Amino acid sequence: MGEKIIITVAAMSAISGTLAILLVIAERFLANYGEVKISINDEAKPLVLQGGTSLLSALSSQKIFLPSACGGRGTCAYCKCKILSGAGTILPTEAPLLTPFEIKNNIRLACQVKVKQDLQIEIPEELFNIKEFETEVTLIQDLTYDIKLVRFQLLNPTEINFKAGQYVQLQNNPYEKVKERASRAYSIASPNYEKNYVDLMIRLVPEGIVTTWVHKYLKEKDRVTLVGPMGDFHLRDGDGEIICVAGGSGMAPIVALLAEIASKKIPRKVVYFFGAVTAKDLFYLQEMEEFTKQIIDFTFIPALSGANVGDEWKGERGLITVPLANHLQEKDNSKTQAYMCGSPGMIKACNIVLQKYGLSEDRIFYDPFS
Ligand SMILES: Cc1cc2nc3c(=O)[nH]c(=O)nc-3n(C[C@H](O)[C@H](O)[C@H](O)COP(=O)(O)OP(=O)(O)OC[C@H]3O[C@@H](n4cnc5c(N)ncnc54)[C@H](O)[C@@H]3O)c2cc1C
Ligand code: FES
């Protein structure tokens, strides 16, 4: 009896698996959605294009770029867009990333919605500022053993307008066994008053598609396409203390924020906590020295968390949450704002500390590098 049940279940699984594969093949090779119209913000002239791709790809083929940090993998939820008609029901790949409010208001993930019929969508006007930039790599510099600074000179268009803290998308060229072109988000490290080039700080992720390409194959004089600016991480108005927290290449957008604070001579106290494992993970120390001269009241606090940090290290030890908590306790944090960039784990841990010492959620801003 038990054997019969196992055989039946196995047979059913095999049949449904085969059917699923056939459906995918049929969808890929046989489905022809023909020409479809996408009308945006009630514009009289809709886009006319071939159906069959994701809405994100369809729009980018027409040089309309929605924010995306995961390159369309359905994990970042940055590509949210209002679709008034033609998108069908919410897909299982979208549901976990949408709130009940968003679902009720027809918000969808553009990278998951396939263009199969005419669509009516709404896009915030500011997203039309996102452009594609042809660039030339003019500098590649090792900041640490696993972080490189890469400078991209803008060739066409030659100027970018962005808020310090925003990011661009970088796409790899095919290499070795990697045939696909993937897009990933990288925060702009250069100051936003430098409009003709963009500096990125890129940390090597073992086996990572884009970072392996950058670290092993990208050379000076290479032509590369960037798309941006994107993102909502930027300096907010206020008159309280500014706390910055970063780890690794999370340094990039914080450096851009510090340059903005310095250039505008913003009269606010700034304390920057930087978490690293060992001294060889520290970089931009000279630049931090410069900021202490340029920013009215600036303190840089690096902390090393490695078990084997020697006695020569005279600075803070332990996770970055330790000096952060020491700084926040016993002072009034009712006007303090916090800006954080780095691993999701670091951001989560610091968020708990910040809220414990009185920073409300609306004064905590972050970009997790996930
Ligand atoms: C808004 C935003 C800004 C960012 N800015 C920067 C930046 O300035 N500098 C920078 O170096 N990165 C930044 N990132 C991260 C970057 O977008 C990529 O995720 C990262 O470089 C990995 O890309 P990859 O193609 O090499 O790896 P993938 O091929 O995407 O990943 C390979 C494997 O590594 C894992 N993985 C992916 N990212 C990480 C990571 N960061 N650490 C550990 N494991 C990982 C994946 O889960 C996967 O299993 C940012 C991310 C976001 C969302
Ligand atoms: S692009 Fe990341 S979820 Fe759509």
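Everything quoted here is computed from the prediction, not taken from an experiment. Sequence positions, counted from 1, serve as the residue numbers for this chain. Whatever order the structure lists ligands and atoms in, that order sets their numbers, starting from 1. Any value given below was found using the heavy atoms of this structure, including those in side chains, with hydrogens, waters and symmetry copies removed.
- Summarising the geometry of Y167 relative to A69, their closest heavy-atom pair is OH-N, 4.2 Å, with the distance given to 0.1 Å.
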Tabulating one pair per line, provide the atom names and distances (0.1 Å) for every N/O atom of ligand 1 that is less than 3.5 Å from a protein N/O atom.
residue  : atom   : partner : partner atom : Å
ligand 1 : 5 (N)  : S187    : N            : 3.2
ligand 1 : 5 (N)  : S187    : OG           : 3.2
ligand 1 : 8 (O)  : S187    : N            : 3.1
ligand 1 : 9 (N)  : M201    : O            : 2.8
ligand 1 : 9 (N)  : S249    : OG           : 3.3
ligand 1 : 11 (O) : R203    : N            : 2.9
ligand 1 : 11 (O) : S249    : OG           : 3.0
ligand 1 : 14 (N) : A185    : O            : 3.2
ligand 1 : 17 (O) : A185    : N            : 3.3
ligand 1 : 17 (O) : A185    : O            : 2.6
ligand 1 : 21 (O) : Y186    : OH           : 2.7
ligand 1 : 25 (O) : R184    : NE           : 2.8
ligand 1 : 25 (O) : I209    : N            : 3.3
ligand 1 : 25 (O) : V210    : N            : 2.9
ligand 1 : 26 (O) : I209    : N            : 3.4
ligand 1 : 26 (O) : V210    : N            : 3.4
ligand 1 : 26 (O) : T211    : N            : 2.9
ligand 1 : 26 (O) : T211    : OG1          : 2.7
ligand 1 : 29 (O) : I209    : N            : 2.9
ligand 1 : 30 (O) : R73     : NH1          : 3.2
ligand 1 : 30 (O) : R73     : NH2          : 3.3
ligand 1 : 30 (O) : R184    : NE           : 2.9
ligand 1 : 30 (O) : R184    : NH2          : 3.2
ligand 1 : 41 (N) : F369    : O            : 3.4
ligand 1 : 42 (N) : R203    : NH2          : 3.1

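- Take a cut-off of 2.8 Å around atom 2 (Fe) of ligand 2: the protein N, O or S atoms inside it are C70 SG, C76 SG.
- Within a 6.0 Å sphere centred on CG of D362, heavy atoms belonging to other residues, nucleotides or ligands number more than 12.
- Of the options L127, I121, L49, a side chain to side chain contact (heavy atoms under 4.5 Å, CB included) to L59 is made by I121 and by none of the others.
- L97 contributes atom CG, which lies 5.5 Å from atom CG of L109 (distance to the nearest 0.5 angstrom).
- Residue H215 holds its NE2 atom at 5.0 Å from CG of L204, rounded to the nearest 0.5 Å.
- When the side chain to side chain donor-acceptor pair (under 3.5 Å) test is applied to K216, the partners found at least two apart in sequence or on another chain are E176.
- Dense packing is recorded around CZ of F300, with more than 12 heavy atoms of other residues, nucleotides or ligands lying under 6.0 Å away.
- Within the structure, side-chain hydrogen bond (donor to acceptor under 3.5 Å, both in side chains) pairs that include any residue of residues 130-148 comprise K63-E132, E134-T225, D142-K148, T144-D146, Y145-D281 (at least two apart or interchain).
- Among the candidates V150, V198, I202, the single residue satisfying the side chain to side chain contact (heavy atoms under 4.5 Å, CB included) test with Y186 is I202.
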